[in-house]
Amino acid sequence: MKRMPLAVLCAVALAVAGCSSSKPDEDTGSAADNGPAASEQASVDKASKNYNIQFVQGVQGDEFYITMQCGIEEEAKKLGVTVKTQGPTKFDPTLQKPIVDSVVSAKPDALLVAPTDVKAMQGSLNQAKAAGVKVVLVDTTVDDPSVAVSAIASDNVGGGKAAFDAIKKLAPQGGKVLAMGVDPGISTTDARAKGFEDAVKADSKYQYLGVQYSHNDPATASNLISAALQKDPDIVGVFALNLFSAEGTATGIKQSGKTGKVQVIGFDAGPNQVAALRAGTVQALIAQQPAEIGKFGVDAAVASLDGGNVTAKVQTGFTILTKDNIDGDGANAIYKSKC
């Protein structure tokens, strides 16, 4: 799969400024294809009717999904369709599945969904497709994404590689590094970890200690990194794979008295992550474009319902945030706590 070369350029320019891109190559195949990604979903001016579109988040209260919701609501208002948002209280398929099943039983016109597990959510989405509901995958995916008319997500492998490039710049002497994840089986964080791992293993100066799973809980992430630092006090870098793991990692490093000694690269840019960046406990953030993902999701749903052109795969870019650009060009990339 052809990836966005600009992601690499962003990492190289990390210490100077942030940059972003949402313009990879176009893919006109199905959502299950492994071909290159598309630059954007074809724009829609107005829906032919007021469609009922449901958005099921990965988890409530996560600024990433709140920002995505803002993008969805703004685009829905523009196109003249109705959107209702709901989600589980934890990023957990046992909590998300009943919500999706209930939504599907009401037979909305379209479902925008961020599946919380590649396997556990497959059956519910198969049922949605069988019921005639237009499914759009936003952020995460499932084992068989052909259930969806479109799959929209960040370049997560590229983000993982960029995170390692950032650690290399900040800790050029080499050393031990690890990833702080969520749970195995989540498509996006698995891809970030894979991109990071491959990049680390390609450089003999660094030793990869693997990925630990915080279950999307900042307190767990804090405890895990504290324990890891007790075992390996010479760790030089940590890649935190999502918003809550970054928050907890920063807390654990601060409590361990390792601020400034362990380089932390966080994925996502919620208010707490930005505060950690300003405080110096996190050295860089890789901000996704959740509002764009949401916007393209609504466009894909409406285009499919109206019989228009639907782009099967859309891959959005990201912005590297540092202290140097957080109050300048990077400010617009910070996630929202409310719309």
Side-chain angles (χ1 to χ4, degrees), residues 7-8 10-15 155-186 188-269 272-273 276-277 279-287 318 320-323:
V8 178
C10 281
V12 173
L14 182 63
D155 176 16
N156 288 289
V157 172
K161 293 178 180 177
F164 177 62
D165 285 342
I167 287 177
K168 285 176 63 175
K169 182 175 286 293
L170 294 164
Q173 75 278 7
K176 298 176 182 178
V177 299
L178 63 83
M180 183 63 68
V182 184
D183 285 302
I186 301 171
T188 51
T189 50
D190 283 351
R192 293 167 203 164
K194 177 64 173 172
F196 183 71
E197 177 182 357
D198 289 348
V200 174
K201 290 183 175 179
D203 192 323
S204 60
K205 291 173 62 177
Y206 296 85
Q207 179 183 349
Y208 183 55
L209 299 180
V211 56
Q212 299 201 31
Y213 297 106
S214 66
H215 314 302
N216 222 39
D217 177 45
T220 300
S222 178
N223 291 334
L224 286 171
I225 192 62
S226 295
L229 287 168
Q230 288 181 352
K231 181 181 179 182
D232 293 287
D234 53 345
I235 290 172
V236 299
V238 180
F239 174 34
L241 302 181
N242 82 333
L243 187 149
F244 291 128
S245 60
E247 180 181 336
T249 296
T251 299
I253 288 174
K254 182 178 180 180
Q255 291 175 345
S256 299
K258 293 284 188 177
T259 299
K261 298 178 181 179
V262 180
Q263 310 303 320
V264 182
I265 311 301
F267 211 99
D268 287 323
N272 288 338
Q273 284 64 56
L277 178 64
T281 49
V282 170
Q283 281 64 54
L285 299 173
I286 300 176
F318 50 84
I320 305 295
L321 299 179
T322 69
K323 278 188 174 181

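If you read the sequence from its start, that first residue is 1, and numbering goes on from there.
- Side chain of T251 to backbone of S222: no donor-acceptor contact under 3.5 angstrom is found.
- Electrostatic pairing of K194 and D198 counts as a salt bridge here, judged by a charged N lying under 4.0 Å from a carboxylate O.
- Closest approach of L277 to A284, counting heavy atoms only: CD1-N, 3.8 Å.
- Nearest approach of Y213 to V182, heavy atoms of both residues: CB-O, 3.3 Å.
- When all heavy atoms are compared, the tightest approach of I286 to G159 is CD1-O, 3.3 Å.
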Checklist entry - For N242 and R192, what are the C-alpha separation, side-chain angles and deciding distance, and is it a side chain to side chain contact (heavy atoms under 4.5 Å, CB included)? => result CA-CA 9 Å; N242 82 333; R192 293 167 203 164; 4.0 Å; yes
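- Here the side chains of T189 and D183 are not in contact, with every heavy-atom distance at 4.5 Å or above.
- Atoms CD and OG1, from Q273 and T281 in turn, are 9.5 Å apart once rounded to the nearest 0.5 Å.
- For the atom pair OG (S226) and NZ (K258), the distance works out to 11.0 Å, reported to the nearest 0.5 Å.
- Annotation: side chain of Y206 is in contact with side chain of K168 (closest heavy-atom distance under 4.5 Å).
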L170 vs I265, test: side chain to side chain contact (heavy atoms under 4.5 Å, CB included). Steps then yes/no. CA-CA 10 Å; L170 294 164; I265 311 301; 3.9 Å; yes
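- From K169, atom NZ reaches atom CD of Q283 across 14.0 Å, with rounding to the nearest 0.5 Å.
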Evaluate V236 against Q173 for side chain to side chain contact (heavy atoms under 4.5 Å, CB included), listing each step before the verdict. CA-CA 9 Å; V236 299; Q173 75 278 7; 3.7 Å; yes
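- From D155, atom CG reaches atom NZ of K161 across 8.5 Å, with rounding to the nearest 0.5 Å.
- Here the closest non-hydrogen pair linking A269 and L321 is CB-CD1, 3.7 Å.
- Atom OG1 of residue T249 and atom NZ of residue K254 lie 14.5 Å apart, to the nearest 0.5 angstrom.
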- Going through the distances and angles, do L241 and V211 end up as a side chain to side chain contact (heavy atoms under 4.5 Å, CB included)? CA-CA 10 Å; L241 302 181; V211 56; 4.2 Å; yes
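- M180 and S214 get closest at one heavy-atom pair: SD-CB, 4.3 Å.
- Under a 3.5 Å cut-off, the side chain of D190 and the backbone N or O of G185 do form a donor-acceptor pair.
- With D232 contributing its side chain and I235 its backbone, the two residues share no donor-acceptor pair below 3.5 Å.
- Taken to the nearest 0.5 Å, the NZ atom of K201 stands 7.5 Å off from the OH atom of Y208.
- A pairwise comparison of heavy atoms in A191 and N156 identifies CB-CB, 3.7 Å as the closest pair.
- Remark: F267 engages no residue in a ring pair (Phe, Tyr, Trp, His ring centres under 6.0 Å) (not counting sequence neighbours).
- Between V177 and the choices V262, V200, D203, the side-chain contact (heavy atoms from CB on, under 4.5 Å) rule is met once, by V200.
- Residues V238 and I225 are in side-chain contact: their nearest non-hydrogen atoms beyond the backbone lie under 4.5 Å apart.
- Ring pair F164/F196 is perpendicular by interplanar angle, where above 60° counts as perpendicular and below 30° as parallel.
- Counting heavy atoms from C-beta on, the side chains of V264 and I253 come closer than 4.5 Å.
- Q263 places no side-chain N or O within donor-acceptor distance of the main-chain N or O of A171, the cut-off being under 3.5 Å.
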